[in-house]
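The sequence lines fix the lettering, A, B, ..., with proteins before strands; numbering per chain opens at 1.
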2 protein chains.
Amino acid sequence: MVNAGNAKMIDRGNTETLILDAAMQVFLEKGRHGARMQEIADRAGINKALLHYYFRSKKNLYAEILSRVFRIFYARITEAHRPGLPFREQLRLFIDVYVDMLDSNPRIPLFLAREMSEGGVIVSDFMKRFQQEMDPAVPDLIVSAIEQAASRGEIRRVDPRHFLMSMIGACIFFFVAKPLVLTIFKDSGWMESQAFVAERKQAVFDLLYNGLNPGGISS
Amino acid sequence: MVNAGNAKMIDRGNTETLILDAAMQVFLEKGRHGARMQEIADRAGINKALLHYYFRSKKNLYAEILSRVFRIFYARITEAHRPGLPFREQLRLFIDVYVDMLDSNPRIPLFLAREMSEGGVIVSDFMKRFQQEMDPAVPDLIVSAIEQAASRGEIRRVDPRHFLMSMIGACIFFFVAKPLVLTIFKDSGWMESQAFVAERKQAVFDLLYNGLNPGGISS
DNA sequence: ATACTGTTTAACCAAATGGTTAAACCTTAT
DNA sequence: ATAAGGTTTAACCATTTGGTTAAACAGTAT
C-alpha cells in the first residue's frame with residue numbers, strides 16, 4: 001500500500017483539526033469558563049477523552065485556540081498594510097480590511113475582550129512575541145506611516161498611538177456592541193445588511209481622515 | 001429602646017447591600033460564569049445560604065448586578081448632557097465625563113461586552129426599558145444635538161448614529177484593551193498615569209471635532 | 001499469525017458548585 | 001416569660017465538570 005503509511009497521520013491530523021475547529025467554535029461562543037469539554041467533543045464528533053489525549057488539559061486547549069485566533073487576527077491586519085501608498089489610501093485600505101474581518105468574525109473581538117477582562121496576560125504575551133518575530137511589527141508600520149504622512153504635510157501632526165487607538169475603537173465598537181446598538185437606534189434589519197457595513201466603513205473613514213486635516217483645529 | 005425597632009431593618013439593609021457590593025465586585029472581575037457564589041459570600045463576610053435567601057438564584061443575583069451596573073452607566077451618561085451648550089463644548093463635556101467614568105470603572109465596559117457576547121438580550125432589554133421610561137432618552141438627545149449643530153452650520157452634516165458609534169468606540173477602546181495596548185506601545189507607566197487620561201481625552205476630542213469640520217472632506 | 005504501536009472508547013472518579021434544609025438565633029410583641 | 005417573626009448558620013445533596021483509566025481497536029512490521 002503506497003499511502004497506507006500516512007493514513008494514520010492523515011487521521012491524526014484530521015482528529016486534531018476536528019478538535020481545534022470545534023474548540024474554536026465553542027470557546028468563541030461561550031468563553032474560557034462557559035465552554036464545556038463535553039460540548040467540544042460532541043461538536044467534533046469524537047470521544048471526550050481524545051481532547052485530553054491530544055491536548056493535555058482544558059487550559060492547554062484554550063491557549064491553543066487563543067493563539068489560533070490571535071494569529072488570524074494578526075495575519076489579516078498585516079495584509080492591510082501596503083507601504084508606499086498615499087496615507088489616504090492606506091487608511092481606507094486599513095479600515096476596509098479591518099471592518100471586513102470584524103464583519104466575518106464578529107466573535108473575535110468579544111473573545112479577546114473577555115480574555116482582556118481576565119487580565120490579558122496571555123494575549124499580551126502573544127503580542128510581545130509577534131512584535132519580536134515579525135519584523136517590522138504591524139503597529140510600528142502603521143505608526144511610521146502616520147509620522148511620514150505628517151512630515152509630507154498630507155495630514156496634521158498627531159500622536160500616532162492616540163490615532164491608532166481611536167481608529168481601532170471606531171472600527172470595532174459597532175460589532176462588539178451590536179445588540180445594544182440595534183436597540184438604541186430601534187433598527188430593524190438595515191444595520192445587519194451588507195450595505196450598512198459599507199456605509200460604516202465610509203463614515204469612519206470620512207470622520208478620521210477629515211479629523212487629520214491639516215487645516216482647522218484650535219482646541 | 002428608641003431605635004430598636006429598625007435595628008433589624010438596618011441589618012437587613014446592610015446584609016443585602018453587603019451581598020450586592022460583593023457580588024458586583026466578583027461578577028465584574030470574573031463574569032457571569034467565572035463568578036462563584038462561595039466567593040461572593042466570603043467577600044461579603046456572610047453565609048452562602050444568605051445569597052439564596054435574599055436573591056433566589058445565581059441568575060437572579062446576576063440580573064440584579066447587571067441592572068445596577070447598567071444604571072450607573074446610564075446615570076453618568078445622562079449627566080454628560082447639558083442642552084443649550086455649543087456643540088463643541090457639548091462634545092468636550094461628553095468625552096470628559098465618559099472617559100472619566102471608564103477610567104474609574106474600567107471593568108464596566110468589559111463586563112457589558114461579556115454580556116454582549118452571551119447574546120446581550122438582558123442588556124438590550126434594560127436599554128429598551130430605559131429608553132421608554134426616561135424621556136427623552138439620552139441617545140436621542142445626543143442625536144438631535146448633532147443634527148442641530150449641523151443645521152447651525154457648526155459642523156458638517158453626518159449621520160449622527162455613525163458619529164455616536166465612532167465616538168464611543170474611540171473613548172472606550174483604550175480602557176478595554178489596556179493590557180494589549182500597553183504591550184504594543186511598550187509603555188512603562190506613562191499610559192497608566194492620570195495625565196495620560198487627560199491627554200487621551202484631548203486627542204479624541206481633537207480628532208472628532210476636527211473630523212466634523214465643515215470644510216475639507218472629498219472622499 | 002503475532003507482537004507492537006498509536007488511536008479511540010466507555011466507564012469511572014474526585015472535586016467543585018449551585019442550591020436546600022433544619023435547626024439555632026435574635027429582636028419584638030403579647 | 002414566651003410565642004412569633006424574620007434572619008443566620010452548618011451540614012448536606014444532586015449535578016456538573018475536568019480529568020483518568022483500562023480495555024478494545026486498528027494498522028504495521030516481523
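dT17(C) atom P lies 10 Å from atom NE2 of H33(A), rounded to whole Å. Atom pair H52(A):NE2 and dG19(D):P shows a separation of 4 Å (rounding to whole Å applied). Separating the CG atom of L51(A) from the P atom of dT20(D) is a distance of 12 Å, rounded to the nearest angstrom. Atom OH in Y62(A) sits roughly 17 Å away from atom C1' in dG18(D) (whole-Å rounding). Distance F55(A) CZ to dG19(D) P: 14 Å, rounded to the nearest Å. Rounded to a whole Å, the NZ atom of K58(A) is 4 Å from the P atom of dG18(D). Taking atom CZ on R36(A) and atom P on dT15(D), their separation rounds to 17 Å, with Å as the unit. Computed from coordinates, the R32(A) CZ to dT17(D) P distance equals 17 Å when rounded to whole Å.
Tested against H162(A), the residues F173(B), F174(B), F196(B) include a single ring pair (Phe, Tyr, Trp, His ring centres under 6.0 Å) partner, F196(B).
Between dT9(C), dG18(D), dT8(D), one nucleotide has an atom nearer to the side chain of L50(A) than all others, and that is dT9(C). Looking at the side chain of S57(A), the nearest of the listed nucleotides dT8(C), dG19(D), dT8(D) is dG19(D).
The closest donor-acceptor contact from the side chain of S104(B) to the backbone of D100(B) lies under 3.5 Å. Formation of a donor-acceptor pair under 3.5 Å by the K58(B) side chain with backbone atoms of R32(B) is found in this model. Remark: side-chain polar atoms of Q90(A) are not paired, donor with acceptor, to backbone N or O of A145(A) under 3.5 angstrom.
When the side-chain nitrogen and oxygen atoms of T15(A) are compared with OP1 and OP2 of dT8(C), one or more of them lie within a distance under 4.0 Å. Side-chain nitrogen and oxygen atoms of Y54(B) include at least one within less than 4.0 Å of the OP1 or OP2 phosphate oxygen of dT8(D).
With respect to the salt-bridge test (charged N to carboxylate O, under 4.0 angstrom), the residues E118(B) and R114(A) qualify.
Taking the six-membered ring for Trp and the full ring otherwise, Y74(B) and F126(B) have centroids separated by 6.0 Å or more. Aromatic ring centres of F27(B) and Y62(B): separated by under 6.0 Å.
Contacts between residues 37-49 of chain A and DNA chain D, defined by a heavy-atom separation under 4.0 Å, are made by M37(A), K48(A), A49(A).
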